[in-house]
Amino acid sequence: QFQHACDPVAPSASRRRFIGMALLLATAALGAGLIGMELGEQRRRQRLQRALATDPQWRAELAGMRALEASTSVVLLVVHVEEMELSSKCARKKMQVCVKFGEAGHSQQQFSRLVRSTSEGMVQYGSTCVFPWRANCDPVLRIRVHKCGVLNQVVSKEELWLPFDATTAVSQLTSRGMLEHEVLLFEPGPRRELLGRLRLGLQLHAVSRQVASSAPDYAFMAEFFGLED
């Protein structure tokens with residue numbers, strides 16, 4: 001019997017091994033070529049960096065740009081949490097104030113010290129919170145008063161609209177000092193009974209970008225604007 005001329009002929013085992021080896025070698029050569037191109041690009045970038053580093057004119061321009069960036073001012077909102085006066089139901093309790101700045105869900109928050117109230121419900125904090133000023137969000141602070149114990153409890157939630165124009169904050173720095181504000185604290189719920197009052201001090205400050213960027217969490221700025229006890 002003779003196979004028809006149009007019937008496909010299956011390649012032999014040796015031919016299949018030859019084709020597989022050829023494909024493997026081609027893939028290896030392509031990979032080696034790509035790695036070589038990447039190494040060559042890295043060497044070219046390194047040579048360019050070395051050339052720029054030894055160019056006195058470029059080094060002088062780079063130093064000038066860095067100095068200009070470091071001298072650029074950024075605006076910080078400084079919130080002094082001074083003292084709190086509470087009703088007798090919060091007497092001799094450990095109390096803490098959470099200050100939030102920014103839109104809900106995207107705000108930054110900082111906490112005052114944890115202080116036990118007196119038998120008269122007085123709490124002396126002397127804490128300072130510092131936030132980067134955001135001109136593109138509503139100038140509002142959200143205050144949360146926590147009663148701390150085995151289970152922490154939020155006993156009051158309040159909002160304070162700041163007396164600073166979000167778009168002209170920098171121009172107001174020289175015209176205003178620290179502003180004293182008293183926030184009335186109410187218990188959550190439909191009855192909204194008066195729980196007490198919180199005294200805050202508000203300031204806007206301009207500092208160099210170099211100072212601000214040295215501590216991106218702004219924790220150290222509390223020491224710069226008002227040391228905690």
Side-chain angles (χ1 to χ4, degrees), residues 72-86 90 93-115 123-149 151-173 176-190 192 194-228:
T72 303
S73 295
V74 295
V75 179
L76 300 176
L77 170 65
V78 183
V79 181
H80 301 279
V81 183
E82 297 174 351
E83 63 180 14
M84 189 164 58
E85 181 182 351
L86 300 170
C90 290
K93 303 294 184 182
K94 291 182 178 179
M95 309 298 298
Q96 191 172 41
V97 177
C98 173
V99 182
K100 297 183 178 183
F101 179 57
E103 301 175 358
H106 302 281
S107 62
Q108 292 188 352
Q109 67 178 20
Q110 293 189 28
F111 290 86
S112 72
R113 294 186 302 142
L114 180 63
V115 179
V123 188
Q124 297 289 337
Y125 284 111
S127 298
T128 302
C129 305
V130 183
F131 303 92
W133 179 258
R134 299 177 179 177
N136 59 346
C137 71
D138 292 334
V140 60
L141 287 179
R142 290 180 290 137
I143 308 297
R144 305 289 184 264
V145 178
H146 294 257
K147 182 169 66 175
C148 303
L151 295 177
N152 293 345
Q153 178 185 3
V154 177
V155 296
S156 183
K157 296 182 178 181
E158 304 299 334
E159 289 188 352
L160 171 63
W161 284 82
L162 301 174
F164 305 120
D165 188 332
T167 58
T168 59
V170 177
S171 64
Q172 300 175 55
L173 291 174
R176 296 189 178 189
M178 186 174 72
L179 302 178
E180 298 283 348
H181 271 268
E182 186 174 88
V183 182
L184 295 180
L185 304 173
F186 294 90
E187 296 182 16
R192 295 277 292 171
L194 182 64
L195 181 68
R197 61 196 70 211
L198 172 68
R199 293 182 181 87
L200 301 175
L202 306 173
Q203 289 178 289
L204 287 177
H205 277 278
V207 298
S208 71
R209 188 174 298 275
Q210 183 179 21
V211 172
S213 63
S214 63
D217 60 354
Y218 297 93
F220 87 110
M221 299 303 290
E223 299 181 3
F224 187 84
F225 292 111
L227 285 171
E228 297 186 0

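We use all heavy atoms of the structure for the numbers below, so side chains are in, but hydrogens, waters and symmetry mates are not.
The minimum heavy-atom distance between Gly102 and Arg142, with the atom names listed, is O-NH2, 3.5 Å. Shortest non-hydrogen contact noted between Cys90 and Leu86 is CB-CD1, 3.7 Å. What you find for Met84 and Tyr125 is that their closest heavy atoms are CE-OH, 3.2 Å. Contact between Pro139 and Trp133 at its shortest, heavy atoms only, is CB-CH2, 3.9 Å.
The closest side-chain heavy-atom distance from Leu77 to Leu204 is below 4.5 Å. Looking at heavy atoms from C-beta onward, Val183 lies out of side-chain contact with Leu141 at the 4.5 angstrom threshold. Looking at Pro188 and Lys157, their side chains never come closer than 4.5 Å, going by heavy atoms from C-beta outward.
Residue Glu82 holds its CD atom at 9.0 Å from CG of Leu198, rounded to the nearest 0.5 Å. From His146, atom NE2 reaches atom CG of Leu114 across 11.0 Å, with rounding to the nearest 0.5 Å. Arg144 contributes atom CZ, which lies 10.5 Å from atom CZ of Phe111 (distance to the nearest 0.5 angstrom). Within the model, atoms SG of Cys129 and CD of Gln110 stand 5.0 Å from one another, a figure rounded to the nearest 0.5 Å.
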(message) Is there a side-chain contact (heavy atoms from CB on, under 4.5 Å) between Leu200 and Val99? Walk through the geometry before answering.
(response) CA-CA 11 Å; Leu200 301 175; Val99 182; 5.5 Å; no
(request) Begin with the C-alpha distance, continue with both residues' side-chain angles, and end with the deciding distance and a verdict on side-chain contact (heavy atoms from CB on, under 4.5 Å) for Glu158 and Leu185. (result) CA-CA 7 Å; Glu158 304 299 334; Leu185 304 173; 3.9 Å; yes
(message) Run Thr128 and Val79 through side-chain contact (heavy atoms from CB on, under 4.5 Å) and show every step you take.
(response) CA-CA 6 Å; Thr128 302; Val79 181; over 6 Å; no
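Applying the side chain to side chain contact (heavy atoms under 4.5 Å, CB included) rule to Val155 yields the partners Met95, Val145, Lys147, Gln153, Leu195; only residues at least two apart in sequence or on another chain are considered.
Relative ring orientation between Phe101 and Phe131 is described as tilted, the plane-to-plane angle lying within the 30° to 60° band.
With hydrogens and angles disregarded, a donor-acceptor distance shorter than 3.5 Å links the side chain of Ser112 to the backbone of Val97.
Annotation: salt bridge (Lys or Arg N to Asp or Glu O under 4.0 Å) contacts involving residues 179-188, sequence neighbours excluded, comprise Lys89-Glu187, Glu182-Arg197, Glu182-Arg199.
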